[in-house]
Amino acid sequence: MNHDNNVTKDLNIGIAGLGNVGEGVINLLQENSELIEKKLQKKITIKGISAKNKGKQRNCNIDSYTWYENPLELARSKEIDVFIELIGGEDGIALEVTQTAIESGKHVITANKAMIANHGNFLIELAEKNKTLLLFEAAVAGGIPIVKLLKESLSSNSITKIYGILNGTCNYILSSMENNSIGFDASLKEAQRLGYAEADPSFDVGGFDAAHKLSILSSLAFGTTIDFSSIHIEGIEKISLDDIQAAKENGYKIRLLGISEKKLSGIRQYVEPCLVSDKSLISSIDGVNNAIVVDGNFVGEITISGLGAGSNPTASSVVADIFDVANNSTVSNLGMPIHRMKDFKITEEVIDNNQYYIRMLLPNIAGSIANVTKSMADHNISLSAINQRSDGKNNTNDYASVTIVTDVTTNISVNKVLDQIAKNGQVKGLPTIIKIQQT
Ligand code: HSE
């Protein structure tokens, strides 16, 4: 790719959005300016800033910068080479300023995963048409340089699977349930008190934030267009302390994973809570950290982990993108020009072979478990472990909490068994089913 407006001079930037990430970017550029200038052999100058509220108390010094009331004016300004979009939100003003900046010939850097997941194909095509860069390292996994890793370092490898912990809020909640033996609600409250979860946490705990990031990773890994809409999304709301403890007794931890796999007929993308072996590297990722595992056909398996959110780590990724612009990067925005990418195709394969964890409430009467295991045997499902929690806590007079770990079987067989049990009235409520992810 040739950029008409390759930058050979000092680089002038404009920043729209001065929340946590914007503040971090300003602090990083100020604090490390000498180091940055030495490495780049050019100066990065903030020529303009814009945010909702000029008078707001901020954790950074903005006194010397030109204030733009209207971010669109900044996006069009002849003063800048690079427009940094840190406003957030899938569309609205964030999308408008991004489009305007690209059409005005600016390079754009964004941390906005929702916008890239939903409008990335359009915006990247627009950027390629205008010969500008649209960079989004900060949109995936905060400070972890996974976009560059896929786009550059691993670009010669054929990748068939990429998965990881892509949401720090969920990872904090699950690991704190496990480490402090508390339920989901208490753990969420604690996460909110510490500022790790939003007042309305549904976007994070519902798996949507992780899915946005996964759609971008799939595209980079497999050379296909970004497709958010086909992701199967399950959040962590249904996970109880009982599940966490039963998993632990069986040698597993529960993590919310985003998984994307290339199959013969297409790609399968899903975000869901999974059991992972407590001996795996990914199970050791605690708290607000993120981790991504990539399997390349020449490099083998790589795991990269670090802080997946927060002002400073995310700012580090934004500034990494500023370096790419300053160094006149000619790498395509998604690792290859968008017109060379294959259209995303969802896999037609419906059979999923896995071990499964199942928890259900069964009547506390003779033969309850026997009925379930008989049904499993009828569907050729072999059991790896079964236990009835005996601490009495979850066993009411009438029902007992029973957990089963199956050997490898299919999702289809598991669903048939659960249908049959439900039909026979042998179970109370809906069983919890969690896939065991081979790690
Ligand atoms: N809220 C996200 C997380 C960070 O908890 O990982 C920004 O995507």
Side-chain angles (χ1 to χ4, degrees), residues 17-25 84-91 94 109-120 135-147 162-177 184 187-218 220 226 228 231 233-237 239 254-259 271-274 282 285-293 304-321:
L18 292 175
N20 273 339
V21 180
E23 288 174 349
V25 170
I84 303 185
E85 186 281 306
L86 301 173
I87 298 169
E90 177 184 327
D91 30 40
I109 293 170
T110 179
N112 190 335
K113 57 227 73 174
M115 182 178 75
I116 297 296
N118 287 289
H119 305 288
L135 303 176
F136 42 83
E137 183 68 76
V140 186
I144 303 175
I146 183 65
V147 172
I162 182 164
Y163 70 94
I165 294 170
L166 300 174
N167 185 272
T169 306
C170 289
N171 209 54
Y172 176 85
I173 292 171
L174 291 173
S175 45
S176 154
M177 285 170 78
F184 175 82
S187 186
L188 169 61
K189 256 200 198 118
E190 181 64 358
Q192 284 168 324
R193 192 184 67 77
L194 294 168
Y196 297 151
E198 310 271 347
D200 175 3
S202 47
F203 209 66
D204 287 313
V205 299
F208 301 100
D209 174 78
H212 285 147
K213 296 165 186 167
L214 184 69
S215 70
I216 300 170
L217 290 180
S218 298
L220 290 160
I226 300 169
F228 170 69
I231 302 183
I233 305 172
E234 282 176 40
I236 61 166
E237 307 94 326
I239 305 296
I254 301 181
R255 293 287 179 264
L256 182 76
L257 296 183
I259 302 172
V271 171
E272 58 190 23
C274 295
I282 200 115
I285 307 299
D286 264 4
V288 290
N289 287 301
N290 284 189
I292 297 131
V293 183
I304 183 167
S305 67
L307 288 170
S311 175
N312 288 351
T314 313
S316 165
S317 286
V318 170
V319 178
D321 283 345

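Computed from heavy atoms alone, side chains included, the values below leave out hydrogens, waters and symmetry copies. When a ligand or atom number is given, it counts from 1 through the structure's own listing order. The chain is numbered in sequence order, starting from 1.
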Minimum non-hydrogen distance to atom 2 (C) of ligand 1, winning option of Asn290, Asp209, Ile173, Leu307: Asp209

For ligand 1, is any non-hydrogen atom under 4.0 Å from Glu198's backbone (N, CA, C, O), its side chain (CB onward), both, or neither? neither

Going by the atom numbers of ligand 1, which of them fall below 4.0 Å from some non-hydrogen atom of Lys113? 7 (C), 8 (O)

Side-chain heavy atoms of Cys274 within contact of Leu257, under 4.5 Å: yes

Does only the side chain of Thr169 get under 4.0 Å from ligand 1, or the backbone, or both, or neither? Count heavy atoms. both

Atom 1 (N) of ligand 1: the protein heavy-atom neighbour that sits closest, reported with distance to 0.1 Å: Asp204 OD1, 3.0 Å

Within the 4.5 Å heavy-atom criterion, are Arg255 and Ser175 side-chain neighbours or not? yes

Any side-chain heavy-atom pair of Ile304 and Ile146 under 4.5 Å: yes

Show your working on side chain to side chain donor-acceptor pair (under 3.5 Å) between Thr110 and Glu85 and close with a plain yes or no. CA-CA 5 Å; Thr110 179; Glu85 186 281 306; 2.5 Å; yes

Going by the order shown, which atoms of ligand 1 are within less than 4.0 Å of some heavy atom of Lys213? 2 (C), 4 (C), 6 (O), 7 (C), 8 (O)

Run the contact test for His212 against ligand 1 with a 4.0 Å cut-off on heavy atoms, strictly below, and give the result. no

Centroid-to-centroid, Phe228 to His119, below 6.0 Å? no

Test item: Ser311 side-chain N/O and Asn20 main-chain N/O as donor-acceptor pair under 3.5 Å: yes

Show which atoms of ligand 1 fall inside a sub-4.0 Å distance from at least one heavy-atom site of Gly168. 3 (C), 5 (O), 6 (O)

Under 4.0 Å to a heavy atom of Ala309 - the qualifying atoms of ligand 1, by number: 4 (C)

Ligand 1 atoms nearer than 4.0 angstrom to some heavy atom of Asn167 are 2 (C), 3 (C), 5 (O), 6 (O)

Using side-chain heavy atoms (C-beta onward) and a distance below 4.5 Å, is Phe184 in contact with Ile236? yes

